[in-house]
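A quick write-up on the structure given underneath.
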Amino acid sequence: MRSSVGLRLSWTALLCIVALFIGLLQPAASVKEHDFKKCDQSGFCKRNRAYADTAASTSSWAAPYNIVPSSVTFKDGQLNAIILKTIDASGATVRLPITVSFLSSGSTRVTIDEERRQQKDIELRHDSKARKERYNEAEKYTIVGGLELDKTSTVASQDDKEIRIVYGPDSKLEAAINFAPFEVDFRRDGNSHINFNDRGLLNFEHWRAKREKEEPKEGEEAKPEVSETGEDESTWWDETFGGNTDSKPRGPESIALDISFLGYEHVYGIPEHTGPLSLKQTRGGDGNFDEPYRMYNSDVFEYILDSPMTLYGSIPFMQAHRKGSSVGVFWLNAAETWVDITKGKAAKNPLNVGTTGKTNTQTHWISESGILDVFVFMGPTPKDVTTSYVNLTGRSAIPQEFAIGYHQCRWNYISDGDVKDVDRKFDKFKIPYDVIWLDLEYLDDRKFFTWEPHSFTDPVGMGQQLLDHGRNLVVLIDPHIKKLEGYSAYDQLTSKNLAVRDKEDNIYEGWCWPGAAHWVDCFNPKAVEWWKSLFKYDTFKGTLSNTFIWNDMNEPSVFNGPETTMPKDNLHHDNWEHRDVHNLNGMTFHNATFEGMKSRKKGELRRPFVLTRSFYAGSQRLGAMWTGDNQADWDHLAASIPMVLNQGVAGFPFAGADVGGFFGNPDKDLLTRWYQTGIFYPFFRGHAHIDSRRREPYLLGAPYTDIITAALRLRYALLPSFYTAFFQANRDGSPIVRPMFWTHPSEESGFAIDDQLFVGSTGILAKPVVGKDTFSVNIWIPDDEVYYDYSTYNVMATQRGKSVSVAAPLEHIPMLMRGGHIFPRRDIPRRSSAAMRFDDYTLVVSVSKSGTAEGELYADDGDSFEHENGQYIYRRFNLSGKTLQSVDADGRDAKSVKPGKWMSAMKDVHVDKIIIVGAPSDWDTKEAEITSEGRTWKVRVAYQPAEKGRAAYATVGRVGAAIGADWTITIA
């Protein structure tokens, strides 16, 4: 008996070792596309695409969805009605309640549900414990405000065919809802911009009982699975892919809708994918994709480029743009979703009015389950659309100040001694950085909240050295918990019943880095409370106040799961199926960690820093993301820029890519150019695979170490400008780095440009070099303003809508300064952002053609939430003629806020100097007069006249005015 038990244990151990070995090997090979579904391998996507094909090819096509006129009611900004879906020739129908909510912001929300499922009047197969309703709780995790109804909206007209609602600011918006067939036309200023169901592709797969197949008689072939209405039901009740079978206890329940952007050629958003910023068509043709964009958060290591294939995160928010106008939609559904995009010549629809623009972009949204829940944003500017979206889903958190510095990471620093050595060498070579990271190998046997006892013997001493140097540590914490009795986290997770369950209602077991593991169910409030407790200093021993967190693998990644993730028929809290909440899963884990990091001891309240790989709409409230496991090659470097830009357009701007590429060994030129690009990523981290060579900047040698150091110092000099851009993102959703269509929405030739960017509102226009053996770039110029070279102050020979060539030897980053801007810098080289905390500022003024300039500076303590209590500095600078002023941007009086510790210390922080590029010749004077805080004094002005293409410039300094005070400088 003992020997057989021992044999079983031996085989179990062997299988564990083999499975773990396979898991460890997994990232070493590039992604295999056939491991992930295409549309025709995803039953509901294939069915809805076929539905669209039938509608397009049938001249007599009539959409089978009609509003019952007598059911329509409108009160206090909300319309309610019943849509009848005709399901067969007999006229049998399904009732679908619809609500259209007109919001005070000018946005509109359209929701459609299925009455029978609402009433739980269905039967589940397989004795499933899953919920009978369609999933309707995505709002709980995603929406944080902006749902107030516009009670001033009114019915402009109504008959038995249509109702028209006028709403929005100044009543300039209108929704025309057609009853038969159901269709909604959204108009602004009398013109149609967005239309729902104008192609008749609305499809609500209603519940129906499964008809059991007749077993074929001997010698007969099995009959195809065809429903009474002739539909292919082979994937309605279960579906197999890659050896995994998904049981479907509720049967088919997909939803789909066509959304047309009338007169719009360009659409952006719906990350995360590789490819251009302006999204491609997906129905084939020259240069187009053949597959729809897929949103199904997945662990896709070494992903391919220029593809609609799903990646790690999903934000179902799309913005459409044409000259002078932007609109957008937010598809609030957390299930697997596909989006087809086609474009065609704008044609008049009698239901649409005043359409302008030559091209319509037609989109087809398809989700596996849940209700139909769509928000419509009517612009008219890109900023208006983004602001409307983040008013609903939340604005980007203002991060810890260190978090926008440089992060040094690899898989893995092998010991606490290794970490200390890297830290010392950065100082030895005078290279700034703020954070060093630890990947899997710091753990004891892949058990989270532990330390490897042989290589990380003194984590406190390691953390203390970093703290003494003003630096921070980030450690990896994933959502899978190793199955091991006696491991505290495992014992608590299982005893408290806080884990995800399988379809049989047992704790789900899968494989990830630890081998056999269970997954924390962060949809369960009790699981969140438990998870938060694990980050306390006295629980997660070895961590200090400068320890922060990295959430990886939270799609979730399951090495032996279908498409490397969790089975869709798993069960979460309240018995919702995983299929319903998959794209939300990573955000719930990110949120639980965020909440845990707010307060790690009694009386503490600090801004967390938590990096996530998986994300959804609303994740911007919680921290940063990165683009996952990229490769060390030039194409991946180039692809990182549109990916980061698209994250900003989609409301999640704290984004970056692994500098140098995660997989592989970049040559020195590539690594150098990647650092020069990375300084413009809002999240700036170098990272590398465990099998790659060490590539810390100090290892490269001359001239590369010096060039990379100069790039890093430039990022640190510009930290005040980046921090100000983060503040702007927090206020109104503005991207940190901005594409051309966003900054210049009327310049049509810039709408598809995605390889250059503006940094916040600084006027800095950068185009990093992303090509091998490339030593010049062409920067597209969006306007008639003057542009100066950032380094030389040369006046560029620019022309609106044309490109200007900029030399880019290896040591040079192509950067221009647009006239009319003022931006802050801190110019003293330091080891970290903490060492710069109370340094004086430099202001750089790039004078416009009209002789004016303006800009902003935001600063706070970079750590706490005291900025929410008024403890911040927010200045607006303005140059007009010979006068430069600084005023409080919020109009606050100096006495209106009692200064706390940080603001009191900032009274000793001053403007050191002001560099005025493009200063006119009559500034050739020796003095400037400064008035501030009741005093007046004079300072020296050093004037350099224009010569050989370089602009004239003046340096005013030392200024000596407090950065937080009002002041006026007048050139004598």
Side-chain angles (χ1 to χ4, degrees), residues 26-33 35-36 271-280 289 293 298-313 406-411 439 552 611 613 624-648 655-695 697 700 704 708 711 737 739 753-757 766-774 777 808 810 813-814:
Q26 186 182 23
S30 62
V31 63
K32 297 178 177 62
E33 283 192 82
D35 290 339
F36 297 88
E272 181 183 28
H273 304 93
T274 62
L277 178 67
S278 179
L279 300 175
K280 289 186 175 185
F289 294 141
Y293 286 92
S298 301
D299 182 357
V300 187
F301 54 91
E302 271 195 326
Y303 48 80
I304 59 175
L305 300 180
D306 198 22
S307 169
M309 186 176 179
T310 189
L311 287 179
Y312 308 93
Y406 173 60
H407 300 245
Q408 179 62 42
C409 183
R410 69 172 284 107
W411 177 21
D439 210 315
D552 199 358
L611 178 74
R613 189 170 74 176
M625 61 75 65
W626 91 108
T627 62
D629 297 342
N630 58 358
Q631 299 183 49
D633 66 39
W634 291 95
D635 289 340
H636 274 258
L637 168 58
S640 70
I641 297 176
M643 291 181 77
V644 168
L645 288 174
N646 204 28
Q647 287 291 137
D658 284 344
V659 170
F662 180 66
F663 288 105
N665 295 300
D667 62 41
K668 293 181 180 182
D669 281 8
L670 172 57
L671 188 57
T672 300
R673 291 301 197 189
W674 213 317
Y675 270 97
Q676 292 175 337
T677 302
I679 68 168
F680 300 107
Y681 298 157
F683 173 61
F684 180 25
R685 181 183 73 159
H687 188 34
H689 188 265
I690 195 169
D691 293 332
S692 67
R693 293 191 294 267
R694 295 288 284 257
R695 54 169 99 142
L700 274 67
Y704 300 97
I708 291 174
V737 289
I753 291 176
D754 56 13
D755 57 359
Q756 62 184 55
L757 53 88
K767 183 172 181 176
V769 176
V770 296
K772 183 178 177 62
D773 298 329
T774 300
V777 299
L810 187 62
I813 305 171

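Keep in mind that this is a model prediction, so the values were computed, not measured. All residue numbers in this chain count up from 1 along the given sequence.
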Considering all heavy atoms of both residues, which atom of [X] and which atom of [Y] are nearest to each other, and what is their separation?
X	Y	result
Val300	Thr310	CG2-O, 3.5 Å
Gly664	Ala632	C-CB, 3.9 Å
Pro739	Leu277	CB-CD2, 3.6 Å
Pro666	Gly660	CG-O, 3.5 Å

All side-chain hydrogen bond (donor to acceptor under 3.5 Å, both in side chains) counterparts of [X], not counting sequence neighbours:
X	value
Asp633	none
Asp306	Lys280
Tyr312	none
Arg685	Asp658

**Leu810, Leu637, Val777, Thr677 screened by side-chain contact (heavy atoms from CB on, under 4.5 Å) with Val769, the one that passes** =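 The passing option is Val777.
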**With His636, the side-chain contact (heavy atoms from CB on, under 4.5 Å) member among Leu305, Val770, Thr627** = Leu305
Please answer whether the main-chain N or O of [Y] pairs with a side-chain N or O of [X] as donor and acceptor at a distance below 3.5 Å.
X	Y	answer
Ser307	Thr274	no
Asn665	Arg693	yes
Arg410	Ser692	yes

Less than 4.5 Å apart, any side-chain heavy atom of [X] and any of [Y]?
X	Y	value
Ser278	Asp754	no
Met643	Leu311	yes
Asn630	Ser640	no
Phe684	Tyr675	yes
Gln408	Pro697	yes

**Message:** I need the Phe301 CZ to Asp35 CG distance, nearest 0.5 Å.
**Reply:**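 Result: 7.0 Å between the selected atoms.
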**Listed partners of Ala711 passing side-chain contact (heavy atoms from CB on, under 4.5 Å), at least two apart** =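 Once residues adjacent in sequence are excluded, the partners of Ala711 under the side-chain contact (heavy atoms from CB on, under 4.5 Å) criterion are Gln676, Ile679, Ile813.
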**Complete:** With sequence neighbours left out, the residues meeting side-chain contact (heavy atoms from CB on, under 4.5 Å) with Ala766 are Phe680, Leu757, Met815
**Request:** Not counting sequence neighbours, list each pair that qualifies as a salt bridge (charged side-chain N to carboxylate O under 4.0 Å, His left out) and has a residue in residues 665-682.
**Result:** Asp667-Lys772
Only counting residues at least two apart or in another chain, list the ones meeting ring-ring contact (aromatic ring centres under 6.0 Å, His included) with [X].
X	answer
His687	Trp550, Phe662
Tyr681	none
His273	Tyr293

**Message:** Going by salt bridge (charged side-chain N to carboxylate O under 4.0 Å, His left out), name the residues that satisfy it together with Asp439, two or more places apart in sequence or in a different chain.
**Reply:** none
**Item:** Partner residues of Arg613 under the salt bridge (charged side-chain N to carboxylate O under 4.0 Å, His left out) criterion, sequence neighbours left out
**Value:**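 Only Asp299, Asp552, Glu555, Asp629 meet the salt bridge (charged side-chain N to carboxylate O under 4.0 Å, His left out) criterion with Arg613.
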